[in-house]
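Below is one structure, written out as structure tokens; the observations come after it.
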Amino acid sequence: MTVVKSTISDSALQVTGDALQSTLVDLLGLSLIGKQAHWNIIGPRFRSIHLQLDEVVAAAREFADTVAERAAALGLPPDGRPETIASAFTLPGPKDGWVRDAEVVGIMVESLEAAIKRLRERIDATEKPDPVTQDLLITITAELEKQRWMFAAENVSERG
């Protein structure tokens with residue numbers, strides 16, 4: 001069996017691999033949160049939030065693929081198996097059953113905030129070991145921050 005060899009040092013590869021795998025778990029989990037909410041949302045803002053959830057899911061899935069391919073390019077086999085995601089995933093998600101639109105918005109804001117916080121930690125961690133991965137994480141963070149802002153704006157009342 002041929003193993004892809006990385007162009008970065010073993011110590012840099014360890015830090016980078018941890019950051020990429022953790023990000024992969026968060027992104028795949030975020031896509032599942034988005035779909036669960038998408039299928040079970042109810043309320044007067046159903047349609048607009050339903051469609052907005054699809055945007056988050058599409059972004060999370062696309063970035064998950066990019067993250068996994070970055071890991072593979074460095075010689076690290078990405079692990080997106082269901083059992084891996086289920087055992088490692090810790091972002092907050094929706095409860096079982098129907099979920100009111102305002103609650104879905106709150107869940108998405110909370111989940112995105114948690115993912116962003118962790119991404120920022122990984123950005124710091126990968127600055128020296130692998131600036132290429134750091135750049136990828138910065139790009140992902142920018143998109144998730146945009147999505148978080150859009151959801152947060154959904155629950156602002158007229159009084160602020």
Side-chain angles (χ1 to χ4, degrees), residues 15-73 76 78-82 84-127 130-160:
V15 171
T16 302
D18 290 347
L20 289 168
Q21 182 60 39
S22 297
T23 300
L24 180 62
V25 168
D26 282 355
L27 289 168
L28 291 173
L30 191 58
S31 75
L32 294 172
I33 288 171
K35 270 305 180 188
Q36 182 66 22
H38 172 89
W39 296 321
N40 290 287
I41 186 172
I42 57 172
R45 295 180 295 160
F46 165 83
R47 181 157 173 74
S48 63
I49 297 170
H50 183 80
L51 295 173
Q52 190 175 350
L53 288 163
D54 273 342
E55 290 178 26
V56 173
V57 170
R61 287 179 177 171
E62 184 175 335
F63 282 132
D65 189 52
T66 303
V67 165
E69 288 176 353
R70 176 69 186 150
L76 302 165
D79 189 354
R81 295 172 299 153
T84 300
I85 305 309
S87 68
F89 186 72
T90 60
L91 293 177
K95 64 180 183 185
D96 188 18
W98 304 116
V99 186
R100 299 289 307 173
D101 50 7
E103 188 178 347
V104 166
V105 169
I107 289 163
M108 292 309 297
V109 168
E110 187 179 358
S111 294
L112 287 162
E113 282 177 358
I116 291 163
K117 180 179 185 278
R118 296 205 291 243
L119 274 163
R120 288 190 169 278
E121 292 167 359
R122 295 174 199 139
I123 288 167
D124 290 343
T126 56
E127 179 181 10
D130 186 23
V132 175
T133 294
Q134 182 195 41
D135 186 56
L136 173 59
L137 299 178
I138 290 169
T139 300
I140 295 167
T141 302
E143 176 61 27
L144 295 187
E145 285 178 336
K146 181 182 97 174
Q147 293 294 336
R148 187 218 158 271
W149 157 60
M150 291 179 161
F151 276 106
E154 285 279 348
N155 275 353
V156 175
S157 69
E158 287 184 27
R159 292 184 224 144

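With a 6.0 Å radius and a threshold of 12 heavy atoms from other residues, nucleotides or ligands, Glu62 has its CD atom at or below the threshold.
Here the straight-line distance linking atom CH2 of Trp39 with atom NE2 of His50 works out to 10.5 Å at 0.5 Å rounding. Considering NZ of Lys95 and CG of Asn40, their distance stands at 10.0 Å, rounded to 0.5 Å. With rounding to the nearest 0.5 Å, the separation of CZ in Arg148 from CD1 in Ile116 is 6.5 Å.
Residues Asp130 and Arg70 approach most closely at OD2-NH2, 2.7 Å, considering heavy atoms. The minimum heavy-atom distance between Pro78 and Ala68, with the atom names listed, is CG-O, 3.5 Å.
Taking the charged nitrogens against the carboxylate oxygens, Lys146 and Glu55 have no contact shorter than 4.0 Å, which rules out a salt bridge. The residues Lys117 and Glu113 are annotated as not salt-bridged, no charged nitrogen and carboxylate oxygen being separated by less than 4.0 angstrom.
Contact of the Glu143 side chain with the Thr139 side chain is not registered, since no non-hydrogen atoms from C-beta on lie closer than 4.5 Å. At a threshold of 4.5 Å between non-hydrogen side-chain atoms, the residues Val132 and Leu136 do not count as touching. Ile138 has its side chain within reach of Gln134: a pair of non-hydrogen atoms, C-beta onward, lies under 4.5 Å apart. Leu112 is not listed as a side-chain neighbour of Trp149, based on a closest heavy-atom distance of 4.5 Å or more. For the pair Pro94 and Met108, the minimum side-chain heavy-atom distance is 4.5 Å or more.
Judged purely by atom type and a 3.5 angstrom limit, Asn155 uses its side chain to pair as donor or acceptor with the backbone of Ala102.
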Requested in this report: For side chain to side chain donor-acceptor pair (under 3.5 Å), just list the numbers for Thr141 and Arg120, CA-CA rounded to whole Å, side-chain angles, deciding distance to a tenth of an Å, and then say yes or no.
Outcome: CA-CA 7 Å; Thr141 302; Arg120 288 190 169 278; over 6 Å; no

_Phe151 and Leu53: CA distance, side-chain angles, deciding distance, side-chain contact (heavy atoms from CB on, under 4.5 Å) verdict_ = CA-CA 9 Å; Phe151 276 106; Leu53 288 163; 3.7 Å; yes

For residues 17-37, run the donor-acceptor check on the side chains, cut-off 3.5 Å, and write out each pair with its distance to 0.1 Å, sequence neighbours left out.
| residue | atom | partner | partner atom | Å |
| --- | --- | --- | --- | --- |
| Asp18 | OD1 | Gln14 | NE2 | 3.0 |
| Asp18 | OD2 | Gln14 | NE2 | 3.2 |
| Gln21 | OE1 | Asp79 | N | 3.0 |
| Gln21 | NE2 | Asp79 | O | 2.8 |
| Ser22 | OG | Asp18 | O | 3.0 |
| Thr23 | OG1 | Ala19 | O | 2.7 |
| Thr23 | OG1 | Arg122 | NH1 | 3.1 |
| Asp26 | OD1 | Arg118 | NH2 | 2.7 |
| Asp26 | OD2 | Arg118 | NE | 3.2 |
| Asp26 | OD2 | Arg118 | NH2 | 3.4 |
| Asp26 | OD2 | Arg122 | NH1 | 3.4 |
| Asp26 | OD2 | Arg122 | NH2 | 3.1 |
| Ser31 | OG | Leu28 | O | 2.7 |
| Lys35 | NZ | Asp54 | OD1 | 2.9 |

